[in-house]
Structures are given as structure tokens and as C-alpha cells.
Participant: 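Please find one structure pasted underneath; my questions will follow.
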Amino acid sequence: MVSSVYVKAGERIHELRVTKGYTRDYLANKTNLSTKFLYEIETGKKGFTAEVLYRLSDALDVKCDYILVGKSGEEPCNLYINKILNKYDDYQKKNVLRILELICEIS
């Protein structure tokens, strides 16, 4: 029997994969896992090693603790936004943030 930690982690991996728009085949290739093994992880049928956890967290742009326990210094959405913002210089970042603020105001 697989621990409930793996079941919950598998659910989070699945949710992150879908949110990012990754197919199971794409994430499996990106992490050098078989599609079947990734399916078994996502459905909580199999556990995984620390190395597999690291590869999945790296590919999904989240910290390992988010996958394991659902908490981290930053939520996945914030990590994704920060990754995008880091592509810009300070002036451009301010403009992007102002655009986001305007979107929030009209919503």
C-alpha cells in the first residue's frame, strides 16, 4: 500500500501538470520517466525517490516541499509569475505590474 503522502503528492503533480498545459507524455519526457510510471505517481499507485521528486519539481517550477505537503515559501502561481517577471529589467517589471493592477481594477 502506498502512503497517503504519495497519493496527495500525486494529486498535486497532476494538478500542476494540467495547470501548465503539459501532457503526461511531455512531462514524462522532460523528467526522463516513463509515461506509465508518471501515471502511477499521479494516481497514487506508486511512490517515488528523492531524485524523481527533484526532477518533477524542477520541471514543474515548484519547490519539492510543495509537491510533498502542499506548502512552500511561494505558491506555484507566484513562482510562475516571478519566473516571467525575471525576464524583464526593473523598468519593464514596473510596467507589467501596473498592467496587472489595471486588470484587477476593471475586473
Side-chain angles (χ1 to χ4, degrees):
M1 177 182 265
V2 177
S3 164
S4 65
V5 171
Y6 289 117
V7 172
K8 293 289 187 191
E11 290 170 1
R12 282 187 281 278
I13 291 164
H14 174 79
E15 180 183 313
L16 288 163
R17 178 179 62 76
V18 170
T19 298
K20 289 198 168 285
Y22 294 168
T23 64
R24 190 171 287 126
D25 286 334
Y26 176 80
L27 183 58
N29 282 334
K30 191 170 179 165
T31 55
N32 199 27
L33 300 173
S34 74
T35 304
K36 180 180 184 228
F37 183 49
L38 180 57
Y39 167 79
E40 291 171 333
I41 290 172
E42 287 184 350
T43 57
K45 294 179 177 162
K46 292 267 176 108
F48 46 84
T49 64
E51 180 185 340
V52 169
L53 172 62
Y54 174 77
R55 290 188 298 197
L56 287 165
S57 69
D58 186 50
L60 294 166
D61 293 318
V62 295
K63 295 181 180 179
C64 293
D65 58 340
Y66 180 79
I67 289 176
L68 288 177
V69 295
K71 299 178 198 171
S72 133
E74 294 184 75
E75 293 301 313
C77 182
N78 292 342
L79 291 170
Y80 183 66
I81 290 169
N82 284 335
K83 184 178 179 179
I84 292 170
L85 287 174
N86 286 333
K87 295 177 182 180
Y88 298 108
D89 63 34
D90 288 340
Y91 178 76
Q92 292 170 318
K93 283 180 191 178
K94 287 179 185 175
N95 287 333
V96 170
L97 291 172
R98 182 64 187 136
I99 291 167
L100 290 173
E101 289 170 354
L102 291 170
I103 292 169
C104 289
E105 287 175 18
I106 62 173
S107 295

Participant: Do the non-hydrogen side-chain atoms of L38 and D25 ever get within less than 4.5 Å of each other?
Facilitator: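 A side-chain contact under 4.5 Å is absent here.
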Participant: Can you check whether L16 reaches Y66 side chain to side chain, under 4.5 Å on heavy atoms?
Facilitator: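 L16 reaches Y66 side chain to side chain.
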Participant: Looking at side-chain heavy atoms only, is the closest gap between R12 and V62 below 4.5 Å?
Facilitator: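 No, side chains not in contact.
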Participant: Closer than 4.0 angstrom, basic N to acidic O: yes or no for R98 and E105?
Facilitator: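 E105 and R98: salt-bridged.
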Participant: Whether the side chain of R17 engages the backbone of Y22 through a donor-acceptor N/O pair (distance < 3.5 Å, no angle test) should be reported.
Facilitator: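 Confirmed, R17 side chain pairs with Y22 backbone.
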Participant: Could you tell me if the side chain of E51 sits less than 4.5 Å from the side chain of R55, heavy atoms only?
Facilitator: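 In contact.
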Participant: Would you find a donor on one side and an acceptor on the other, under 3.5 Å apart, between the side chain of E42 and the backbone of Y39?
Facilitator: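 No: the side chain of E42 does not pair with the backbone of Y39.
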Participant: Does the side chain of I41 reach to within under 4.5 Å of the side chain of V52, using non-hydrogen atoms?
Facilitator: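 Sidechains of V52 and I41: in contact.
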Participant: Heavy atoms only: give me the nearest K93-L85 pair and the separation to one decimal.
Facilitator: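 Looking at all heavy atoms of both residues, the shortest contact is CE-O, 3.0 Å.
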Participant: Between L56 and V5, is there a shared hydrophobic cluster once you connect ILVMFWY residues whose side-chain heavy atoms come closer than 4.5 Å?
Facilitator: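 Same cluster.
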Participant: To check you understand the geometry: which heavy-atom pair defines the closest contact between A59 and T31, and what is its length?
Facilitator: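 Nearest pair, atom of A59 first, then T31: CB-CG2, 3.6 Å.
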Participant: Could you report the tightest heavy-atom contact between C64 and Y54, atom names first, then the distance?
Facilitator: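 Here C64 and Y54 meet closest at SG-CA, 4.1 Å.
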